[in-house]
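Here's the structure, in structure tokens; my notes come after.
Reminder, nothing fancy here: chain letters follow the sequence lines and each chain counts from 1. What you see is a predicted model, and the numbers here were worked out from it, not measured in a lab.
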There are 2 protein chains.
Amino acid sequence: MPSSTVENYLKRLFIEQQKQPGQLVQMGHLAEAMKVTAGTATSMIKALADSGLVDYEPRNGVKLNVQGEQLALHVLRRHRLIELFLVQILGLDWAEVHPEAEQLEHAVSEKVLERMDGLLGRPNFDPHGDPIPSADGIIRKQQLATLLNCPRGQLMKIARIVDQDTDFLQFLDRHALRPGATLTLVHLDTLADAVTLQLGGERTLVLGTRAASKILVEPA
Amino acid sequence: MPSSTVENYLKRLFIEQQKQPGQLVQMGHLAEAMKVTAGTATSMIKALADSGLVDYEPRNGVKLNVQGEQLALHVLRRHRLIELFLVQILGLDWAEVHPEAEQLEHAVSEKVLERMDGLLGRPNFDPHGDPIPSADGIIRKQQLATLLNCPRGQLMKIARIVDQDTDFLQFLDRHALRPGATLTLVHLDTLADAVTLQLGGERTLVLGTRAASKILVEPA
DNA sequence: GCTATAATTTTGATAGGTCAAAATAAAAAA
DNA sequence: TTTTTTATTTTGACCTATCAAAATTATAGC
């Protein structure tokens, strides 16, 4: 049974790999994401390689192998189902469930997870719009636009927020920018590094491109 | 923040202390209950004493001090609320929730626990009839008879089962012996070391005194 | 092609928990 | 009271996960 540390490394590797498909994850990058020193990451990755969960190319980088990826998807499933459970059943705020789920994902048994899944009606997405991997480790790839590359002047629906920082999510929430909400991209100003959004009823909002790129949308 | 190991030691100490009020808990006893070697228990207890959570008398035994007891009650509260949550909300079997709660009790935040408590309607007892300590660490002492010292021939109600072994609990469940069920003590045979019970509708059941002593009852 | 810089790996230490086995102390028996 | 048995504590070792700092290797600049 993998320790929660191992589960965290695998989950992190999966997420970093998704950001740069096909490439190896650099040690420094992983170390920073895990908030450990580079040396710690190296020794951990060597251990994971010995356990047959990752392919490690010294001085080059690391990636999950098939087995590691299955495990990572499993952890991700737990995490996301728990997030939805905390919102839907316990009424927590979607902006704050991430750290809670971070703890619980290592303590919830298969049986309990299965009950949660049933109670929630076998959901496909968590409160941030992230897809929930199926029990057999399949995750639907989404083709979503960001607020930077979506058509202008067209009504769009927020499908997903790809950031778990509570403060950022609460900021979005205060402007009613949550998955499911609709909005229109009015203007993209590359020089000012900003996008102007039309929200419901006259309200407009300007976001920097860094923030805007974290909001994924689809045609409403 | 106490580690889950520390929480487990404190909880165990509280439970063992309750069995023999006023007395110190012996190292060997504690070690056995924690399923560690005696040496491990000794060094752990010394660490707890240094942290100011227990009073330790070398070669004599150990007991929780006020601070340790508060912490233990807090852990116990988490454990028991979670057990009830698993039964009431997720529909798990009362006989099997103990090990699940054992994991979850270290991962659930105050906020989540508070939501569970609200959703369950501020309950006072867990699925085994064990009292749930209040948020400020107060636990109601119960004065309950066992099936060995309760009045004969009188209809009694099961109030509590003081054993967490899944197999034993499932055995009881198969005979509909759960908290809330009623029964009558027909006969206590000290020589045969057995009690005869009258269950609903003609059914009788004979239990050894060891098992019978784990079933606490009150007048129906 | 060399050197300066940046990233990675190694090394030596530490902390929390654990065990096996040796040492010690207390309790029971003789 | 002396011996034997039993319980407890100590010692030395191990494993996982971590860090700081030193050593190594790549990369980029010149």
| Around A:Gln142, counting heavy atoms of other residues, nucleotides and ligands shown, do more than 12 lie under 6.0 Å from its CD? | yes

| Nearest to side-chain heavy atoms of A:Met27, which nucleotide of C:dT9, C:dG17, D:dT18 | C:dT9

| field | Geometric class of the B:Trp94/B:His128 ring pair [parallel <30°, tilted 30-60°, perpendicular >60°] | value | tilted

| Does A:Glu218 pair with A:Arg160 as a salt bridge, N-O distance under 4.0 Å? | no

Side-chain donor-acceptor contacts of residues 106-114 of chain A below 3.5 Å, not counting sequence neighbours, with atom names and distances?
{"from": "A:His106", "atom 1": "ND1", "to": "A:Glu7", "atom 2": "OE1", "distance (Å)": "2.6"}
{"from": "A:His106", "atom 1": "NE2", "to": "A:Asn8", "atom 2": "OD1", "distance (Å)": "2.9"}
{"from": "A:His106", "atom 1": "NE2", "to": "A:Glu102", "atom 2": "O", "distance (Å)": "3.4"}
{"from": "A:Ser109", "atom 1": "OG", "to": "A:Lys111", "atom 2": "N", "distance (Å)": "3.4"}
{"from": "A:Ser109", "atom 1": "OG", "to": "A:Val112", "atom 2": "N", "distance (Å)": "3.2"}
{"from": "A:Ser109", "atom 1": "OG", "to": "B:Glu100", "atom 2": "OE1", "distance (Å)": "2.6"}
{"from": "A:Ser109", "atom 1": "OG", "to": "B:Glu100", "atom 2": "OE2", "distance (Å)": "2.9"}
{"from": "A:Glu110", "atom 1": "OE2", "to": "A:His74", "atom 2": "NE2", "distance (Å)": "2.9"}
{"from": "A:Lys111", "atom 1": "NZ", "to": "B:Glu96", "atom 2": "OE1", "distance (Å)": "3.0"}
{"from": "A:Glu114", "atom 1": "OE1", "to": "A:Arg122", "atom 2": "NH1", "distance (Å)": "3.3"}
{"from": "A:Glu114", "atom 1": "OE2", "to": "A:Arg122", "atom 2": "NH1", "distance (Å)": "3.4"}
{"from": "A:Glu114", "atom 1": "OE2", "to": "A:Arg122", "atom 2": "NH2", "distance (Å)": "3.0"}

I'd like a table of atom pairs between the protein and nucleotides 19-22 of chain D - only N or O on both sides, under 3.5 Å - with the distance next to each one.
{"from": "D:dC19", "atom 1": "OP2", "to": "A:Thr37", "atom 2": "N", "distance (Å)": "2.9"}
{"from": "D:dC19", "atom 1": "OP2", "to": "A:Thr37", "atom 2": "OG1", "distance (Å)": "3.3"}
{"from": "D:dC19", "atom 1": "OP2", "to": "A:Thr40", "atom 2": "OG1", "distance (Å)": "2.7"}

| Atom CE of B:Met44 and atom OH of B:Tyr9: how far apart are they, to the nearest 0.5 Å? | 6.0 Å

For nucleotides 12-15 of chain D, which of its nitrogen or oxygen atoms have a protein nitrogen or oxygen under 3.5 Å away, and what is each distance?
none

| field | Residue A:Val6, side-chain heavy atoms: nucleotide from D:dA17, C:dT18, D:dT10 that is nearest | value | D:dA17

| remark: Picking from D:dT8, D:dT18, C:dT18, the nucleotide nearest the side-chain atoms of B:Tyr9 would be C:dT18

| With respect to the phosphate group of C:dG17, does any side-chain polar atom (N or O) of B:Ser3 fall under 4.0 Å of OP1 or OP2? | yes

| N/O (side chain, B:Thr42) to phosphate O (OP1/OP2, D:dT8) under 4.0 Å | no

| query | Does OP1 or OP2 of C:dT9 have a side-chain N or O of A:Tyr56 closer than 4.0 Å? | reply | yes

| request: Applying salt bridge (Lys or Arg N to Asp or Glu O under 4.0 Å), name anything that partners B:Arg115, two or more places apart in sequence or on another chain. | output: none

| said: Can you confirm whether more than 12 heavy atoms, excluding those of B:Gln18, are under 6.0 Å from its CD atom? | reply: yes

| query | Does B:Gln23 reach the main-chain N or O of B:Gln17 with its side chain, forming a donor-acceptor pair under 3.5 Å? | reply | no

Without placing hydrogens or testing angles, list every side-chain donor-acceptor pair under 3.5 Å for residues 45-55 of chain A, not counting sequence neighbours.
{"from": "A:Ser51", "atom 1": "OG", "to": "A:Ala47", "atom 2": "O", "distance (Å)": "2.9"}
{"from": "A:Asp55", "atom 1": "OD2", "to": "A:Lys63", "atom 2": "NZ", "distance (Å)": "3.3"}

Between the protein and nucleotides 23-26 of chain C, list the N/O to N/O atom pairs that are separated by less than 3.5 angstrom.
{"from": "C:dT24", "atom 1": "O2", "to": "B:Arg59", "atom 2": "NH2", "distance (Å)": "3.4"}
{"from": "C:dA25", "atom 1": "O4'", "to": "B:Arg59", "atom 2": "NH1", "distance (Å)": "3.3"}

| task | For A:Thr42 and A:Ala38, indicate whether the former's side chain and the latter's backbone hold a donor-acceptor pair under 3.5 Å. | result | yes

